[in-house]
Undergrad: 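Quick one: the structure is below, and I'll ask about it shortly.
By convention in this document, chain letters (A, B, ...) are assigned in the order of the sequence lines, proteins followed by strands, and residues within each chain are numbered from 1. Note that the coordinates shown come from a computational prediction; the quantities given were computed from them, not determined experimentally.
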Amino acid sequence: MHDINFIRNNPNDFDKSLKLRNIKPNSSLILNLDKSKRDLLTTSQELRSTRKSLSSDFSKSNEEDKKKLQKEVHKIKEQIDQIESNLLEVDIKIKDILSSLPNLPEEDVPYGEDETNNKLIKTSGDIPSFDFEPLSHYQLGENLKMMDFDQASKVSGARFVYLKKDLARLERALANFMLDIHTINNGYQEIIPPNLVKDEAVYGTGQLPKFAEDLFKTENDHWLIPTAEVPLTNIVLDSILLEEELPKRFTAWTPCYRLEAGSAGRDTRGMMRQHQFSKVELVSIVKPEESKKELDRMLNCATSILDDLKISYRVMLLSTGDMGFSAKKTFDIEVWLPGENKYREISSCSNCGDFQARRMNSRYKTVNGNVFLHTLNGSGLAVGRTLIAVLENYQNKDGSINIPEVLIPYMNGKKIISSV
RNA sequence: GGACAGAUGGGUGAGUGGCUGAAACCAACGGAUUGCUAAUCCGUCGUACUUCGUAAGAGGUACCGAGGGUUCGAAUCCCUCUCUGUCCGCCA
């Protein structure tokens, strides 16, 4: 949600920033509506004031005056009703516009229409070489008979999978490893959040109202979370925090449910793009002046997982056209997948500034009043895709998989996954 | 699912039609005082929007879970919904 005061005071900056996100200017439309809203508001407040003072005279009046007063107030009431219904209409229009415009990018975000303008920030690790043709994760998984897409499609349809035996264990090992790092080394508080949430929560983080078609909804009007970002960030929904509570850092391992409506035909094979996947999420709630450095910190927390797993990756700064709706600035971490012979996204770390906080009405107390918080979220990491990366990077010629050293304790001491 | 009870400012809690934006107490903050810890006294102490003003500031409106209704006037009466608590039933 955008700050109407900012738009009033900086209409040109607002439009310029929107233009960076390839959106046409909006400020004059918004400000016109805002002007008429305030006119209506002033009128209605004056009428209410009159009504109040007339009413307070009532008990002191004689019978005749009482009748007059009743009549008069009736008239005023009709006017108020009329004006306030207009007011409501204008207010809804303004909110509709404000809540459907994406966040404004930070100054150092490169301009671009799409991912082709993303900027490479760093590359880590060498691209591994194999003395055989490396297989894709689904070939490896199916050969091991630990990844079953056929049965999943009978039971649940396309874009689902059964993981079995050591691969099921590996998924759990990865999640536990990530959670341990983030809670013990990185100061995140572990949470098990609700996986079904209400409209308000999904609105708060910005998936609603624009992106309802990407989400699963229950018959009872709950949404299945598309990411733990939603319940974790909404921990501060509609609340006023004390300064000493900040920063707040939360992590959770949850399933994520996505309809993938716009991606028919894309990544149809394998575990790359599923309706359900698990992810370890990181969320930080910080003071406004601290969000920029918190984003760097969060990025480091996420990349450290891949460093520990000894898998190569690169970090991209997303261009204005490739960023998500709520983000001011986003880094993607892309992991090297030998089976695809390219980098694929495994994490996205975003600073949302006060954009979500305004929608959630989340503030903290300062001596100068209550101030909107800044929120950040990042994957740390997408567990399903990390499993893919481990399989493809640690594969052997015979189709077995070496277990990364840091995961061995989490695999009950096992060092290799094989079908025998 | 059934039967009750409840929802008031940071907290406890008073308030059943007008002088209540809301008592009192606690917490918090500012100050005074006692040599320290503590105690006592005085003061301040909700939010949002808005009007006037360069500003300091001065007004106004709304908000007592949410939304409707009754009334000249609603925290207070009526309706609907949501949530919380207790008991019963069912259940991982």
Undergrad: Hey, do the aromatic rings of A:Phe355 and A:His374 have their centres closer than 6.0 Å?
TA: no

Undergrad: Going by purine N1 to pyrimidine N3 plus the second Watson-Crick contact, or the G-U wobble pair, all under 3.5 Å, which nucleotide sits opposite B:C36?
TA: none

Undergrad: Please report the distance separating the P of B:A74 from the corresponding atom of B:G65, rounded so that it comes out in whole Å.
TA: 16 Å

Undergrad: Looking across every strand, which nucleic acid part, if any, lies under 4.0 Å from A:Ser56 by heavy atom: base, sugar-phosphate, or nothing?
TA: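 Here A:Ser56 touches no strand at all.
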
Undergrad: Determine whether the side chains of A:Asn300 and A:Arg297 contain a donor N or O and an acceptor N or O closer than 3.5 Å.
TA: no

Undergrad: Say whether A:Glu294 and A:Ser284, considering side chains only, have a donor N or O and an acceptor N or O under 3.5 Å apart.
TA: yes

Undergrad: Under the side chain to side chain donor-acceptor pair (under 3.5 Å) rule, what pairs show up with a residue in residues 197-206 of chain A, not counting sequence neighbours?
TA: A:Asp199-A:Trp223, A:Thr205-A:Gln207

Undergrad: Do A:Thr375 and A:Val283 come within less than 4.5 Å of each other through their side chains, counting heavy atoms only?
TA: no

Undergrad: Please give the nucleotide sitting opposite B:G43 as a Watson-Crick or G-U wobble pair, both distances under 3.5 Å, or none.
TA: B:C29

Undergrad: Checking all strands, does A:Leu69 fall into the base, sugar-phosphate, or nothing category for heavy-atom contacts under 4.0 angstrom?
TA: nothing

Undergrad: Checking base pairs now: Watson-Crick or wobble, both atom distances under 3.5 Å. What partners B:G1?
TA: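 By the stated definition (distances under 3.5 Å), B:C88 pairs with B:G1.
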
Undergrad: Considering every strand and a 4.0 Å limit on heavy-atom distances, what is the contact class for A:Arg8: base, sugar-phosphate, or nothing?
TA: sugar-phosphate

Undergrad: Considering only atom C1', compute the distance from B:A66 to B:G60 and round it to an integer number of Å.
TA: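 To the nearest whole Å, 26 Å.
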
Undergrad: Sort out the partner of B:C64 for me: Watson-Crick or G-U wobble, both distances under 3.5 Å, none otherwise.
TA: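 By the stated definition (distances under 3.5 Å), nothing pairs with B:C64.
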
Undergrad: So which nucleotide does B:A75 pair with, by the Watson-Crick or G-U wobble rule with both distances under 3.5 Å?
TA: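 None - no nucleotide pairs with B:A75, as no candidate has both distances under 3.5 Å.
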
Undergrad: When rounded to the nearest Å, what value does the distance between C1' atoms of B:G30 and B:U12 take?
TA: 24 Å

Undergrad: At under 4.0 Å between heavy atoms, what does A:Lys77 touch on the DNA or RNA strands: base, sugar-phosphate, or nothing?
TA: base

Undergrad: Can you tell me the pairing partner of B:U82 across any strand shown, Watson-Crick or G-U wobble, with both distances under 3.5 angstrom?
TA: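 Answer to the pairing question: B:A7, which forms a Watson-Crick or G-U pair with B:U82.
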
Undergrad: Only one of A:Ile7, A:Asn10, A:Leu18 clears side chain to side chain contact (heavy atoms under 4.5 Å, CB included) with A:Ser27; which?
TA: A:Ile7

Undergrad: Provide the distance between the two C1' atoms, one in B:U71 and one in B:A14, to the nearest whole Å.
TA: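 Result for the C1' pair: 26 Å, nearest Å.
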
Undergrad: Any strand counts, and the cut-off is 3.5 Å on both contacts for Watson-Crick or G-U wobble. Which nucleotide pairs with B:A23?
TA: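 Pairing partner, where one exists within any strand: none, as none qualifies.
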
Undergrad: Measuring from A:Lys328:NZ to A:Asp108:CG, what's the distance to the nearest 0.5 Å?
TA: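 Nearest 0.5 Å value for the NZ-CG distance: 10.5 Å.
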
Undergrad: Find which nucleotide of RNA chain B each of A:Arg48 and A:Lys365 is nearest to by heavy atoms, and output the residue with the more 5' nucleotide.
TA: A:Lys365

Undergrad: Can you give the first and last nucleotides of RNA chain B, 5' to 3', that have an atom under 4.0 Å from a heavy atom of chain A?
TA: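 Using the under 4.0 Å cut-off, the span is B:G18 to B:G73.
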
Undergrad: When the P atoms of B:C42 and B:G57 are compared, how many Å lie between them, rounded to an integer?
TA: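 My reading of the P atoms in B:G57 and B:C42 gives 27 Å.
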
Undergrad: Taking the nucleotide of RNA chain B with the nearest heavy atom to each, does A:Phe58 or A:Arg363 sit closer to the 5' end?
TA: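 The residue mapped nearer the 5' terminus is A:Arg363.
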
Undergrad: Can you name the one residue among A:Gln274, A:Arg159, A:Arg344 that meets side-chain hydrogen bond (donor to acceptor under 3.5 Å, both in side chains) with A:Asp267?
TA: A:Arg344

Undergrad: For the C1' atoms, the ones on B:A62 and on B:A22, what distance do you get once it is rounded to whole angstrom?
TA: 15 Å

Undergrad: Name the pairing partner of B:A56, where a pair is Watson-Crick or G-U wobble with both distances under 3.5 Å, or state none.
TA: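 Pairing partner: none.
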
Undergrad: Between B:C63 and B:A75, how far is it from one C1' atom to the other, in whole Å?
TA: 11 Å

Undergrad: If you measure from the P atom in B:G18 to the same atom in B:G1, how many Å do you get, rounded?
TA: 39 Å

